[in-house]
Amino acid sequence: IYTTRCIDGNYPNYRQVIPKNSTSRIELSEEQAAYLKQGIPLLECDEEFQTVHIYADDGWIKILPSNYTGAALSVDGRYKGGSTVAVSVNRELLLRAFSLGFTNLSFADSDDFAPIVAKDTSGMYVFMPLRGVDSEKIRKAVNMSEDNTAAQRRDSDKTLKFRGKKPESRGIYSCDT
């Protein structure tokens, strides 16, 4: 048994919601998307909004947890665009895009709150970033984690020479394909 209900009202034109000029784009391989699909559920998130932060710059993409300080995911994907992308999204929506097989995400350059478009030959998936998160805070968290990663690499090199083997990761997960 199916039950339907017609809701009367004015709805926005969907063509106005989908950005036409999305010059910033993240392109991932199928392996990288699968890696993120497995890793994103492991990131620490707030209970209410399930927030994760996406940061993309020249040549790499990083997914940070909602608290900015826990383990992060990093892939060497392709990023094409003007300035860096720093947006916050609901992780379930991002996971759904990857589960549907989308590996390309497009962002509007001029607006951190414009819809994110996952698109390929089979269709399109549009979702909104979360408002109220300062993109500058994401950029600072990435810079701090990069400083920590550099320190971990220095420690790693010392450990490598001392013990003769490579130590396990301490919270920064990466995928190089």
Nearest heavy-atom neighbours spanning [X] and [Y]:
| X | Y | result |
| --- | --- | --- |
| Ala71 | Pro65 | O-CD, 3.2 Å |
| Ala114 | Pro129 | O-CD, 3.2 Å |
| Leu28 | Gly77 | CD2-CA, 4.2 Å |
| Leu43 | Ala72 | CD2-CA, 4.1 Å |

Say you draw a straight line from [atom1] of [X] to [atom2] of [Y]; how long is it, rounded to the nearest 0.5 Å?
| X | Y | atom1 | atom2 | value |
| --- | --- | --- | --- | --- |
| Asp76 | Ser29 | CG | OG | 10.0 Å |
| Arg91 | Leu36 | CZ | CG | 13.5 Å |
| Arg139 | His53 | CZ | NE2 | 13.0 Å |
| Ile40 | Leu73 | CD1 | CG | 6.5 Å |

Under the rule for side chain to side chain contact (heavy atoms under 4.5 Å, CB included), what residues qualify as partners of [X], not counting sequence neighbours?
| X | result |
| --- | --- |
| Glu92 | Gln50, Asn90, Leu95 |
| Ala56 | Ile26, Ile61, Tyr79, Val85 |
| Leu100 | Arg96, Phe102, Tyr125 |
| Ala33 | Phe98, Thr103 |

With heavy-atom distances below 4.5 Å as the criterion, would you say the side chains of Ile18 and Pro115 are in contact?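 Contact flag for Ile18/Pro115 side chains = no.
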Go through the steps for Leu94 and Leu105 under the test side-chain contact (heavy atoms from CB on, under 4.5 Å), then give the verdict. CA-CA 10 Å; Leu94 184 60; Leu105 302 173; 3.9 Å; yes
Not counting sequence neighbours, which residues clear salt bridge (Lys or Arg N to Asp or Glu O under 4.0 Å) with Glu27? List them please.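 Residues passing salt bridge (Lys or Arg N to Asp or Glu O under 4.0 Å) with Glu27: Arg25, Arg78, Lys80.
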Only counting residues at least two apart or in another chain, list the ones meeting side chain to side chain donor-acceptor pair (under 3.5 Å) with Ser66.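 Result, side chain to side chain donor-acceptor pair (under 3.5 Å) vs Ser66: none returned.
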Under the side chain to side chain donor-acceptor pair (under 3.5 Å) test, residues paired with Glu44 that sit two or more places apart: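 Counting only residues at least two positions away or on another chain, Glu44 forms a side chain to side chain donor-acceptor pair (under 3.5 Å) with Asn67.
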Please identify which of these residues, Thr84, Ile63, Val87, meets the side chain to side chain contact (heavy atoms under 4.5 Å, CB included) condition with Tyr55.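 Answer to the side chain to side chain contact (heavy atoms under 4.5 Å, CB included) test with Tyr55 among Thr84, Ile63, Val87: Thr84.
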